[in-house]
Amino acid sequence: MRRAITSGSPLPAPPGPPDPDRRADPVRHAGPGPVPGPDRPTGAPPPAGPAYAPAPVHARNAPWPYTRLDVAAARAAGHPPHPVRQFVLKTRSRCNLACTYCYVYEMADQGWRDQPVAMTPATIARAAQRIAEHAAAHDLPRVDLVLHGGEPLLTAPAALAAPVEAVRAALAATAPRTRITATVQTNGTLITRGRLTALAAAGIRIGVSLDGGLPAHNTRRLDHAGRPGFGAAARGLRLLARHPDSYAGVLCVIDLDQDPVETYESLLAFAPPTVGLLLPLANWSSPPPPGPGRRPGGTPYPGTPYADWLLAVFERWWHDGRHRTRIRLFEEIIALLLGLPATTETLGLAPAATAVIETDGSIEQADSLKSAYEGAAGTGMALDTHSFDELLDHPGFAARQLGRDALAAGCRACELVEVCGGGHYPHRYRAGEGFRQPSVYCADLQVLIRHVATAVQHATAAHPPAAAS
């Protein structure tokens, strides 16, 4: 099950911040060709190695990074490649729900129509070989697998674990020191005792996408006949809650039409170990929904309604007398404020480390990019012809490993950059320019991060750490 994403009505894109001074950046320049590196003057021939000719769809829609990033020059400037550590296997390309705002089926990219319905055993075997090959080459201590879709639980219980078992066997033969973690992301409607048993036996945990814990929160999560999917999802979640070892958590996309505290507390009824609160997949050319009673102004939406929504939940969670769940967004901000490494690509400056394998064996970037434009996640690579090491040098993937150097000038100078990291990569997109803008949620992120920082400071002052003896 893909994460459900609120799309909203497209609004005119605002002017936005000025483009950064390209001359100050060693991995970008103003011309149409690749950027000259610090030891490669303009006009010099490119270094030896495979050339990358961007697909027209990338060159047209996202000049940054596709025509303005020279990966070899970036490497020379001190940006080494980082291996892939999470592999998303799109085991099914269709879904039993037809959520009205889904980024896979209802937004810019309609590539799912050309995908096989299910990943074949041959593709699974090839994926396992490629993953093990990559793990061995980089001596990875762990790889994370995510079974995704579509709706992965459309697979029969007996075959649900096949991709994970194939990767586990390939790792045992090729990279025996690498361990594996596995989850399946589902809409919850097809969770049964049989599926739970099969997944638990293979060590696969279950994450569920839901818009809140009440029927009123889930009116856009419908099946193909227009019937609500909440009842079946709620039954599945109640069953899952009785198996905490199999329960990974719940993902919930923020909906300004819903009361934030009610949404949060209603989800607690399903006893999730973690809650992921996701900002809608929006960008400068397709801004976020402005929320009830608001009309678009000179900015994508007036004020900071998403920060307001999140801070209502934060205050309830932060001041709760007992620990009832983890909220990943808040915990990530706190960790980054304390100088700890991030475990997500939505915040901080850690390099991207996720690759997607579609049902046909094609290798793609994070599928959240499908919200930007048709083909935005595509790489032109496939398991039969390319390794994951080759993906590391793809401009779209390499750009998301540049950290601060991939950001707009204003972001690089911002005091919050180590925490915000420029925001989630798809949220930076502007049609015809690409992914080098501040996040469309920049104002919200600033308010949220500053508020959380103040809360942490007050807590630290009230409970200072004990002095070392």
Side-chain angles (χ1 to χ4, degrees), residues 3-6 86 103 146 183 185 207-213 217 247-256 258-268 270 272-282 288-289 291 304-320 323-350 352-354 366 368 371 411 414 416-428 438-457 459:
R3 296 174 185 170
I5 300 299
T6 305
Q86 183 180 71
Y103 73 89
V146 182
T183 57
Q185 189 64 31
V208 177
S209 299
L210 200 69
D211 290 350
H217 300 151
Y247 200 170
V250 172
L251 293 181
C252 176
V253 176
I254 295 167
D255 183 351
L256 297 182
Q258 305 299 333
D259 179 85
V261 175
E262 179 188 70
T263 300
Y264 164 62
E265 295 197 331
S266 66
L267 287 172
L268 293 177
F270 296 115
T274 65
V275 173
L277 297 175
L278 309 178
L279 291 164
L281 277 175
T304 56
Y306 288 89
D308 297 343
W309 198 99
L310 283 165
L311 288 176
V313 178
F314 176 79
E315 286 297 305
R316 181 69 183 90
W317 175 77
W318 183 252
H319 296 291
D320 200 336
H323 179 82
R324 295 196 285 175
T325 190
R326 303 175 62 186
I327 299 185
R328 290 169 51 190
L329 175 62
F330 302 152
E331 291 189 350
E332 288 291 336
I333 291 173
I334 292 168
L336 288 162
L337 285 167
L338 297 175
L340 301 174
T343 59
T344 175
E345 293 183 7
T346 59
L347 291 168
L349 295 170
T354 299
S368 55
S371 61
C411 294
C414 179
L416 301 179
V417 66
E418 298 288 341
V419 179
C420 171
H424 195 23
Y425 194 76
H427 296 162
R428 307 176 202 171
S439 168
V440 74
Y441 294 105
C442 177
D444 294 276
L445 290 171
Q446 289 198 43
V447 169
L448 175 63
I449 292 168
R450 293 183 192 280
H451 185 99
V452 174
T454 299
V456 172
Q457 289 168 355

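- Using modelled atom types, one side-chain atom of T325 and one backbone atom of P272 make a donor-acceptor pair closer than 3.5 Å.
- Atom CG of residue L268 and atom CZ of residue R316 lie 8.0 Å apart, to the nearest 0.5 angstrom.
- The closest donor-acceptor contact from the side chain of Y306 to the backbone of A443 lies at 3.5 Å or more, if one exists at all.
- In this structure, CG in L340 is found 11.5 Å from CD in E331, a value given to the nearest 0.5 Å.
- Annotation for L445 and C420: closest pair CD1-SG, 3.8 Å, computed over non-hydrogen atoms.
- Contact detail for E345 and H424: the closest heavy-atom pair is O-ND1, 4.0 Å.
- Looking only at distances, no side-chain donor or acceptor of S371 sits under 3.5 Å from a matching main-chain atom of A282.
- Atom CZ of R326 sits about 8.5 Å away from atom CD of E332, to the nearest 0.5 Å.
- The shortest side-chain heavy-atom distance between F270 and L210 falls under the 4.5 Å cut-off.
- Between L279 and P288, every side-chain heavy-atom pair lies at or beyond the 4.5 Å cut-off.
- The minimum heavy-atom distance between L336 and E418, with the atom names listed, is CD2-O, 3.9 Å.
- In this structure the side chain of V419 never reaches within 4.5 angstrom of the side chain of L347, judged on heavy atoms.
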L251/R328 under side chain to side chain contact (heavy atoms under 4.5 Å, CB included): CA gap, chis, key distance, verdict:
CA-CA 10 Å; L251 293 181; R328 290 169 51 190; 3.6 Å; yes
Using the side chain to side chain contact (heavy atoms under 4.5 Å, CB included) rule, take R450 and L416 through it: C-alpha gap first, then chi angles, then the decisive distance, then the call.
CA-CA 9 Å; R450 293 183 192 280; L416 301 179; 3.9 Å; yes
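- Taking CD1 of I449 as the start and CG of D444 as the end, the distance is 10.5 Å to the nearest 0.5 Å.
- Remark: L329 CG to L278 CG distance equals 8.5 Å, nearest 0.5 Å.
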Could you please spell out the steps behind the ring-ring contact (aromatic ring centres under 6.0 Å, His included) verdict for F330 and W317?
CA-CA 9 Å; F330 302 152; W317 175 77; 5.5 Å; yes
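- Here the side chains of W309 and T263 are in contact, with some heavy-atom distance below 4.5 Å.
- Between the side chain of W318 and the backbone N or O of V456, no donor-acceptor pair lies under 3.5 Å.
- Proximity of D255 to H217: side-chain heavy atoms (C-beta onward) are nowhere separated by under 4.5 Å.
- Minimum interatomic distance between H427 and P280 (heavy atoms only, all atoms of both residues): NE2-O, 3.3 Å.
- Nearest heavy atom pair, residue G212 against residue C252, reads N-SG, 4.2 Å.
- A distance of 4.5 Å separates CD1 in I327 from OH in Y264, rounded to the nearest 0.5 Å.
- Taking all atoms of both residues into account, the shortest heavy-atom contact from A312 to V261 is O-CG2, 3.7 Å.
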